[in-house]
Amino acid sequence: MYKPGIPQGTRDFSAETVQKRNYILQTIKNVFELFGFQPLETPAMENLETLMGKYGEEGDKLIFKILNNGLSDPKNIDKAKAGFEKLLEGRNTVELTERALKYDLTIPFARYVAMNYGQLTFPFKRYQVQPVWRADRPQKGRYREFTQCDADVVGSTSLINEIELVNIYHTVFTKLGLAQYELKINSRKILAALAEISGGIDKMTDITIAIDKIDKIGIDKVKEELKQRRILEEHIVTIEKYLHIDGTNEDKLKAVTNLFQNNETAKNGIDELNFILTHSKNINLSIDFTLARGLNYYTGTILEAKAPAHVKMGSIGGGGRYDDLTGLFAVPGIAGVGISFGVDRIYDVLEELKLFPQDLQLSTKVLFFNMGKDESLAALPLMQALRHSGISCELYHEPVKMDKQFKYADKKNIPFIIIYGSNEIATNEVVIKNLKTGHQQNIALKNLPSFLFN
RNA sequence: GUAAUCGUAGCUCAGUUGGUUAGAGUAUCAGAUUGUGAUUCUGAGGGUCGGGGGUUCGAGCCCCCUCGGUUACCCCA
């Protein structure tokens with residue numbers, strides 16, 4: 001017999017989990033809307049062509065591909081075999097797979113903007129909350145199916161957008177009780193400038209990948225890795241100077257200005273960071289020149305949100321500016337900036353810090369005991385009346401001994417039970433019992449809704 | 001893709017250098033109790049010890065393979 005199971009890295013969510021997740025999602029959505037963003041949803045799957053090559057070489061490997069239908073149809077068999085041969089050579093092949101599960105929300109969004117360019121009002125501000133899939137090995141804080149919450153503004157190069165997005169992070173994390181969050185900021189322009197003075201712009205990816213790891217592996221290992229990536233010794237010295245920049249945000253800006261002298265690219269990035277910081281007071285925003293972010297399409301500001309330092313969890317959000325996202329889809333010149341929240345990780349953090357509100361797990365408010373066939377039928381209109389007043393209630397499904405019915409109420413965390421048996425029917429009353437206090441009383445039917453409201 | 005580690009009742013776990021019929025707690029069901037629960041007492045059901053192969057007189061335990069979970073690397077939210 002088939003033993004039931006779910007795919008690696010996916011999860012079922014029980015009632016309690018769903019309620020907690022909804023609390024996070026609702027908080028984020030409300031904030032997005034407060035800032036003037038509007039919702040968008042795109043399909044779970046995209047044409048593979050849309051996704052391939054957008055996330056780097058590693059990213060391509062982690063895209064879940066969907067097998068074409070009808071491969072075994074006799075008229076397709078030759079094509080399928082040819083496709084499989086190509087696959088064995090490590091090449092991608094439309095003969096076998098033309099569609100894939102989406103890997104993030106940004107690229108599908110870019111695809112949407114490119115397709116609907118003429119109809120949209122710019123700047124276009126959208127938020128999107130949907131699951132995405134990655135064929136990664138699961139581990140702590142990493143799943144194969146997880147939910148992303150993105151907000152992007154496209155069609156505007158104004159740095160006001162960055163400031164607003166920083167404010168969104170602040171507002172959401174504060175509302176969730178994560179006031180100790182850390183928000184790190186850097187600019188790809190500064191990283192580009194670093195590459196320019198360290199062997200050329202084509203070294204940028206090598207340099208950023210290496211320095212991004214400094215938190216984990218330390219400066220010495222980073223230098224080693226830079227060496228392996230064929231960065232010259234003299235340039236590694238420069239990079240080390242850059243990595244040693246420390247102090248307050250002001251200190252860092254001064255130091256980096258010194259380091260880059262008259263480099264035009266760096267100057268741009270520094271001015272931008274300065275502007276954003278100046279107008280983001282009272283926010284835990286700090287410059288981190290080691291912040292790089294893997295995604296290739298970022299060109300300006302980059303952001304990363306981390307859980308409070310004592311929680312061992314990677315980033316719980318990230319984002320950045322891209323100059324030409326839709327250029328990939330033949331609509332050049334649309335700049336944008338966006339951020340993302342990692343709900344699944346935020347969930348784990350809130351769980352660890354016990355920050356979920358107590359009153360989330362509200363179930364049924366009232367359980368009607370089943371006191372027999374006629375009595376239970378008499379309870380039905382009574383329940384309808386309560387529901388009309390917005391009070392959730394249910395009837396125990398069978399006339400079994402009260403012991404069992406009490407236990408059911410306990411387990412489902414139902415605060416009140418009502419006994420509406422033959423005695424009560426005769427006097428137009430119910431017995432209502434508060435299971436927390438154990439206190440019970442008789443109440444006239446007509447007073448029941450108002451009693452339950454208090 | 002690489003590595004470590006775990007897998008015994010619905011759940012959490014014991015299980016001696018390899019030795020009779022694999023245990024406990026909890027949950028479930030029944031009874032003490034046919035209109036008043038969370039406590040208590042009595043009893044019952046529940047297992048291919050993840051799966052397959054091997055060593056042995058004998059394997060939950062040792063060896064090999066495999067599947068699944070967890071964690072780390074790579075990469076990432």
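Here is the naming used below: chain letters follow the sequence lines, and residue numbers restart at 1 for every chain.
Atom CD1 of I24(A) and atom C1' of rA77(B) are 13 Å apart (whole Å). One interatomic measurement links the two molecules: NZ of K407(A) to C1' of rU39(B), which rounds to 10 Å at whole-angstrom precision. To the nearest angstrom, C1' of rU36(B) lies 14 Å from CG of N434(A). Regarding F368(A), its CZ atom lies at a distance of 19 Å from the P atom of rG35(B), rounded to whole Å. Separating the CG atom of N423(A) from the C1' atom of rG35(B) is a distance of 8 Å, rounded to the nearest angstrom. Across the protein-nucleic acid pair, R137(A) atom CZ and rU2(B) atom C1' stand 8 Å apart, rounded to whole Å. Following rounding to the nearest Å, Y143(A) (OH) and rU70(B) (P) show an atom-to-atom distance of 9 Å. We find that NZ of K54(A) is positioned 17 Å from P of rC76(B), with the value rounded to whole Å.
F329(A) has its side chain out of reach of I334(A): every pair of non-hydrogen atoms, C-beta onward, lies at least 4.5 Å apart. Under the 4.5 Å side-chain criterion, counting only non-hydrogen atoms from C-beta, R126(A) is in contact with L105(A).
Base engagement by K433(A) is indicated by at least one non-hydrogen atom pair under 4.0 Å involving a base atom. Within the 4.0 angstrom heavy-atom criterion, only backbone atoms of the sugar-phosphate kind lie near G317(A); the bases stay farther away. When heavy atoms are screened at a 4.0 angstrom cut-off, K213(A) is found touching the sugar-phosphate backbone but no base atom. Residue contacts shown for I209(A) are limited to sugar-phosphate atoms, with no base heavy atom under 4.0 Å away. Within the 4.0 angstrom heavy-atom criterion, no nucleotide atom of any strand lies near T106(A). The residue I419(A) sits close to a base: some heavy atom pair falls under 4.0 Å. D403(A) comes within 4.0 angstrom of the backbone, heavy atoms only, and of no base.
An OP1 or OP2 oxygen of rA27(B) is reached within less than 4.0 angstrom by no side-chain nitrogen or oxygen of K411(A). Distances shown here put a side-chain N or O of Q8(A) below 4.0 Å from the OP1 or OP2 atom of rG69(B). Contact between the side-chain N/O atoms of K401(A) and the OP1/OP2 oxygens of rG37(B) is not found at any separation under 4.0 Å. Taking side-chain N and O atoms only, Q139(A) has a distance below 4.0 Å to OP1 or OP2 of rA72(B).
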* Structure fact -> Writing each nucleotide of RNA chain B 5' to 3' as (, ), [, ], | or . by Watson-Crick or G-U pairing under 3.5 Å yields (((((((..((((.....[...)))).(((((.......))))).....(((((..]....))))))))))))....
* Walk me through it: do E351(A) and K20(A) pass the test salt bridge (Lys or Arg N to Asp or Glu O under 4.0 Å)? => CA-CA 9 Å; E351(A) 193 71 86; K20(A) 287 177 173 174; 3.2 Å; yes
* To do: Verify side-chain hydrogen bond (donor to acceptor under 3.5 Å, both in side chains) between T364(A) and E394(A), making sure each step is shown before the conclusion.
  => CA-CA 7 Å; T364(A) 308; E394(A) 61 181 297; 2.7 Å; yes
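Distance alone, capped at 3.5 Å, is enough to place a donor-acceptor pair between the D344(A) side chain and the T147(A) backbone.
The side chain of L435(A) lies closest to rG37(B), out of rU36(B), rG37(B), rC75(B). The side chain of D410(A) lies closest to rA38(B), out of rA3(B), rA38(B), rC76(B).
Checking Y420(A), F406(A), F416(A), Y396(A) one by one against F369(A), the ring pair (Phe, Tyr, Trp, His ring centres under 6.0 Å) holds for a single residue, F406(A).
More than 12 heavy atoms of other residues, nucleotides or ligands sit less than 6.0 Å from atom CD of E240(A). Atom CD of Q180(A) has 12 or fewer heavy atoms from other residues, nucleotides or ligands within 6.0 Å.
Interface remark: the R142(A) side chain does form a donor-acceptor pair with the rC75(B) base, using a distance-only criterion of under 3.5 Å. No hydrogens or angles were tested; on distance alone, a donor-acceptor pair under 3.5 Å links the side chain of Q440(A) to the base of rU36(B). Between the base of rC76(B) and the side chain of R345(A) there is a donor-acceptor pair shorter than 3.5 Å.
The stacking criteria are not both satisfied for F406(A) over the base of rA38(B), which would need a centre-to-centre distance under 5.5 angstrom and an angle between ring planes under 30 degrees.
Nearest-nucleotide positions on RNA chain B for E58(A) and E424(A) put E424(A) closer to the 5' end. Along RNA chain B, the nucleotide closest to G9(A) and the one closest to S340(A) are compared, and the more 5′ of them pairs with G9(A).
D136(A) CG to Y103(A) OH: the interatomic distance, rounded to the nearest 0.5 Å, is 7.0 Å.
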